[in-house]
There are 2 protein chains.
Amino acid sequence: MPASTLKADQVFNALGDPTRRAIVEQLSRGPSTVSRLAEPLDITLTAVRQHLHVLEGCKLVSTRKVGRTRTCQLEKKGLAVIEDWIHAQRSMWDSALDNLGALLEEDGEP
Amino acid sequence: MPASTLKADQVFNALGDPTRRAIVEQLSRGPSTVSRLAEPLDITLTAVRQHLHVLEGCKLVSTRKVGRTRTCQLEKKGLAVIEDWIHAQRSMWDSALDNLGALLEEDGEP
DNA sequence: GTGATACTGAAGCCATAACTTCAGTATGGA
DNA sequence: TCCATACTGAAGTTATGGCTTCAGTATCAC
């Protein structure tokens, strides 16, 4: 089990929550404050902050406080972790599925 | 919000659970039965079956019962869904982060 | 048929995750 | 200085997810 595996759990878990995915998608259109993130989500600032802690924990988002406002922006590291996992899996899957296809000589999908 | 978004939630959620990721990784080394999947996981067959339902639901795994044994294998569709999501996000992130970099003229990481 | 194997379904337990409220702190502007 | 804004932390509620047990059903080998 590679060192990155533990991290991948965190990132997948983070992106598994629809609210956090909404936050990530909102931030992909540019940085934002906590309040602005909360508006379309219809949850409290506290809840948003809790989601941000999770996203910061797996390096999908970074934040900085200037004055009384906290600005949130995306970070690449977290995404890279799952990209790597998916790449690794895909190559194993492809060979596993190829072997299987030959073995079963049947094509369940077009 | 594209039609694929709902599905991506499911797939991320599925892969966010460490046990399900272990199942997927085990299946990436070749197809298996429910019992064989359960062995290294140290959980009941019932629990494994429940995880398999989730993985089947988001097209990461397909299963077929022959006689009294159910054989499980990987399916590509689920993985493709999150590959697409990540690709879409990455291009938006890259441009968002580029803009931001120019704006802030600071490099927080090496 | 008998017994072992392989799985399934319903029901319930329990830890955790997502959310809230509320009572703060710190900053910005008049 | 005074008030509004922007956020934070602790504590509590509630729903859900992952797991179990147990009582099945179906298949295989003898």
Side-chain angles (χ1 to χ4, degrees), chain A residues 5-27 30-74 78 82, chain B residues 5-27 30-74 78 82:
Chain A
T5 301
L6 187 69
K7 192 66 159 314
D9 273 347
Q10 288 179 258
V11 184
F12 276 118
N13 184 54
L15 292 176
D17 180 83
T19 304
R20 280 193 292 266
R21 270 165 46 79
I23 289 175
V24 165
E25 287 170 6
Q26 199 177 334
L27 288 177
S32 179
T33 66
V34 179
S35 308
R36 289 238 315 279
L37 285 172
E39 275 174 27
L41 296 174
D42 200 37
I43 55 178
T44 62
L45 287 189
T46 306
V48 173
R49 186 68 183 113
Q50 286 164 358
H51 284 302
L52 286 171
H53 278 308
V54 175
L55 292 169
E56 285 180 88
C58 61
K59 306 289 188 207
L60 280 164
V61 167
S62 68
T63 74
R64 50 162 53 194
K65 194 159 184 177
V66 176
R68 63 184 164 170
T69 72
R70 178 175 297 276
T71 305
C72 312
Q73 61 173 286
L74 295 174
I82 54 171
Chain B
T5 301
L6 186 69
K7 193 65 159 317
D9 273 346
Q10 288 180 258
V11 184
F12 276 118
N13 184 54
L15 292 175
D17 180 81
T19 304
R20 280 193 294 264
R21 270 163 48 78
I23 290 175
V24 165
E25 287 170 7
Q26 200 178 334
L27 288 177
S32 179
T33 66
V34 178
S35 307
R36 290 237 315 280
L37 284 173
E39 275 174 27
L41 296 173
D42 200 38
I43 56 178
T44 62
L45 288 188
T46 307
V48 173
R49 185 68 184 112
Q50 284 164 359
H51 284 302
L52 286 171
H53 278 309
V54 175
L55 292 168
E56 285 179 89
C58 61
K59 306 287 187 208
L60 280 165
V61 167
S62 68
T63 75
R64 51 163 54 193
K65 193 159 185 177
V66 176
R68 62 184 165 171
T69 72
R70 179 175 296 277
T71 305
C72 314
Q73 61 172 287
L74 295 173
I82 55 172

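Values reported hereafter were calculated over all heavy atoms of this structure, with side chains retained and with hydrogens, waters and symmetry mates removed. As the structure is a prediction and not an experimental result, all values here were calculated from the model.
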With a 4.0 Å cut-off on heavy atoms, is A:Thr33 in touch with a base, just the backbone sugar-phosphate, or nothing at all? sugar-phosphate
| If you look at every strand shown and take non-hydrogen atoms under 4.0 Å, does B:Thr44 touch a base, only sugar-phosphate, or nothing? | base
Atom CD of B:Gln50 and atom P of C:dG12 are separated, to the nearest Å, by 15 Å
Between CZ of B:Arg68 and C1' of C:dA6 the distance, given in whole Å, is 6 Å
Whole-Å distance, B:Asn13 CG to C:dA17 P, equals 13 Å
A:Leu45 CG to D:dG9 C1', in whole Å, measures 13 Å
Out of C:dA18, D:dG18, D:dT8, minimum distance to the side chain of B:Asp17 belongs to D:dG18
Rounded to whole Å, the NE2-C1' distance (B:His53 to D:dC19) equals 15 Å
Classify the nucleic acid contact of B:Arg20 as base, sugar-phosphate or nothing, counting any heavy atom under 4.0 Å across all strands shown. sugar-phosphate
Heavy-atom nearest pair, A:Lys7 first then A:Gly57, reads CE-O, 4.4 Å
Whole-Å distance, A:Glu39 CD to D:dT5 P, equals 13 Å
Working note: B:His51 + B:Ile43, criterion side chain to side chain contact (heavy atoms under 4.5 Å, CB included); need CA distance, chi angles, decisive distance, verdict. CA-CA 11 Å; B:His51 284 302; B:Ile43 56 178; 4.2 Å; yes
May I ask you to verify whether the side chain of B:Arg49 and the base of C:dT8 hold a donor-acceptor pair under 3.5 Å? no
task: Identify whether any heavy atom of A:Ile43 sits under 4.0 Å from a base atom; if not, whether one sits that close to sugar-phosphate; answer base, sugar-phosphate or nothing.
output: sugar-phosphate
Minimal heavy-atom distance between A:Arg20 and A:Asn13, with the atoms involved, is NH2-O, 3.5 Å
A:Leu52 atom CG is separated from D:dA6 atom P, nearest whole Å, by 16 Å
Practice prompt. Check every strand shown and say whether A:Thr19 touches a base, only sugar-phosphate, or nothing at a heavy-atom separation below 4.0 Å.
Written response: sugar-phosphate
When every non-hydrogen atom of B:Ala8 is compared with those of A:Arg21, the smallest separation belongs to CB-NH2, 3.4 Å
### Query
Under a 4.5 Å cut-off applied to non-hydrogen side-chain atoms, are B:Leu55 and B:Val24 in contact?
yes
Rounded to whole Å, the CZ-P distance (A:Arg70 to D:dA6) equals 15 Å
Side-chain atoms of A:Thr46 come closest, of C:dA18, D:dA10, D:dT20, to D:dA10
